[in-house]
Novice: 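Let me begin by handing over the structure; questions about it come next.
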2 protein chains.
Amino acid sequence: MTDIDTSPIPERKRGSGVKVVYDLLRDEILDLVLPPGSPIDEVQLAERFKMSRTPIREALVRLAGEGLIDTLPNRSTMVANIDFLNMHTFFDALVLMYRVTTKLAAQYHRADDLKVIRAHQAEFAAAVQAQDALAMIATNASFHSAIAEAGRNPYFTGLFNRLLDEGRRMLRLYYQSYDDRLPQRFVEEHDDIIAVIARRDVEEADRLARLHAEQIVHQIQKLFAREDRLDLML
Amino acid sequence: MTDIDTSPIPERKRGSGVKVVYDLLRDEILDLVLPPGSPIDEVQLAERFKMSRTPIREALVRLAGEGLIDTLPNRSTMVANIDFLNMHTFFDALVLMYRVTTKLAAQYHRADDLKVIRAHQAEFAAAVQAQDALAMIATNASFHSAIAEAGRNPYFTGLFNRLLDEGRRMLRLYYQSYDDRLPQRFVEEHDDIIAVIARRDVEEADRLARLHAEQIVHQIQKLFAREDRLDLML
DNA sequence: ACTGAAATTCTTGTCGACAAATAAAATACA
DNA sequence: TGTATTTTATTTGTCGACAAGAATTTCAGT
């Protein structure tokens, strides 16, 4: 009698369920594989991940807590929409967090932090070189997130990462128009920022971060302004 | 045959379960009814609220998302500890959010907002008058939260409310030593802040908020320094 | 054909049960 | 007596089932 494979399916380890679902859904939401407004069906997800609805639901509760999905009680749940009307609040918060985290990095970073930051910057530069807009968006976020980590303030890194996630979603909507000459400028600005952090020049870190942030915000606004005009025509 | 009460227990409405548990646990954690480090038992809570473990768990996932409880996978879950070692990161964030939210309130508030803010200030003043330290802590948080709301930036209000919650927890630990003459000074500072917001003086709002915040931080640090010395003696 | 009520289908919130993982207790052994 | 190992007990993660609401469809009456 031949041995029959008693567990043909990878058979997830106990306790990993919610994390798997959470991580994957999160990625799909941020990458717009699940665009804003997409309905989320619990049973469908349960079938897809081959598990019961219980861990699925817990993952959804987490995502809702981070504002990535909206849940109407007793009704449907869907991917959170992007609030274009109050976008300025997003920009305000983003610019401030750019500044604060960069300043704190200049104050509190250690030698190892710089290595990590430079590695991310290399990846960003490579993405620009390759004219890969999607990679630019992702690596840019990682770069600034690494700077924030070096600042070692969990309250700021928490908010900042959320903002970067939201920004990633917004930029994905428009990444087609991202292939102009500006990115090269961002690479240089990144290098300058690394330099001021390394030499612990807090005031200059604030100034450069602010300029860089406003640069990016301006860029995004330009993209949206273009699209807004399109909206008016429809 | 007499009618038998078919539903003697209030019989919660469907869908309200998690909210009830979440709200109550949250209050108990912030009021230190459940002090930091307290173990949280799912089945015990299930019995207490007379519901199954499923809604309890979803409430716990939410609380974990907000950092109010810590969950070790496959092991116990307990009320989050207060991180005294990195307290300065908390103060940094708190001061900045005081400033930012007050500034934004000066810019974007509407007439109705001022009414709400003044109402909270009245409650705070009453608490000071009554020398009710617990009420002071709560109403002070509400006051500043109301100001933040008037600033209308959900990213900032989100972080700020979290910080205020954490501060509420920390202060509860020491509220005994809160009955000196300083609170009256806070009342006056609050009045000044309301005034600058009303006249939309953004720069002055920033300045006053900063002074006020540093005042409070200094006060808290003094309390903790006293207690630290005690810790060393034990 | 159109409006409103009744019935049906679908989805969600909750439940009780079970098994894996861990902690605690009991036992064996040096 | 102290340490290692097995046994038991406790607690967590997951499951399948069921019932309440909401959405949809069916049907009746004008």
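Within every chain, numbering begins at 1; the chains are lettered A, B, ... in the order of the sequence lines, protein sequences first and strands thereafter.
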Novice: Quick check on C/dC15: is either OP1 or OP2 less than 4.0 Å from any side-chain nitrogen or oxygen of B/S52?
Specialist: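 The answer is yes; a side-chain N or O of B/S52 sits under 4.0 Å from OP1 or OP2.
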Novice: How many Å lie between CZ on A/R53 and P on C/dT12, as a whole number?
Specialist: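 So the CZ-P distance, A/R53 to C/dT12, works out to 7 Å.
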Novice: For B/H218, give me all partners under ring-ring contact (aromatic ring centres under 6.0 Å, His included), at least two apart in sequence or on another chain.
Specialist: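 Expected list: none.
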Novice: Rounded to the nearest angstrom, tell me the gap between atom CG in B/L72 and atom P in C/dA23.
Specialist: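 Interatomic distance, CG of B/L72 to P of C/dA23: 9 Å.
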Novice: Less than 4.0 angstrom between a side-chain N/O of A/R75 and OP1 or OP2 of C/dT12, yes or no?
Specialist: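 A/R75 to C/dT12 OP1/OP2: no side-chain N or O under 4.0 Å.
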Novice: Ring-plane angle category for B/H190 and B/F143, please: parallel below 30°, perpendicular beyond 60°, tilted otherwise.
Specialist: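 If you compare the ring of B/H190 with that of B/F143, the planes turn out parallel.
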Novice: Taking the nucleotide of DNA chain C with the closest heavy atom to each, which residue, B/G17 or B/P73, is nearer the 5' end?
Specialist: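 The residue mapped nearer the 5' terminus is B/G17.
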Novice: Taking atom P of D/dT11 as reference, at what distance in whole Å does atom CE of B/M78 sit?
Specialist: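 These atoms are roughly 17 Å apart.
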Novice: A/N74 side chain: which of C/dT14, D/dT14, D/dG21 is closest?
Specialist: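 Closest of the options to the side chain of A/N74: D/dG21.
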Novice: Between B/K19 (NZ) and C/dT14 (C1'), how many Å, whole number?
Specialist: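 Roughly 18 Å, once rounded to whole Å.
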Novice: Round to a whole Å and report the spacing from CD of B/E47 to C1' of C/dC15.
Specialist: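 Nearest whole value for this atom pair: 15 Å.
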Novice: Sequence neighbours left out, cut at 3.5 Å: what donor-acceptor pairs do the side chains of residues 61-79 of chain B make with other protein atoms?
Specialist:
from: B/E66; atom 1: OE1; to: B/Y22; atom 2: OH; distance (Å): 3.0
from: B/E66; atom 1: OE2; to: B/Y22; atom 2: OH; distance (Å): 2.6
from: B/N74; atom 1: OD1; to: A/R14; atom 2: NE; distance (Å): 3.1

Novice: Within this structure, what is the CG-to-C1' distance between A/L45 and D/dT14, rounded to whole angstrom?
Specialist: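 That distance rounds to 16 Å.
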Novice: Closest approach to the side chain of B/R14, judged atom by atom: which nucleotide of D/dA19, D/dT11, C/dC15 is it?
Specialist: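 That would be D/dA19.
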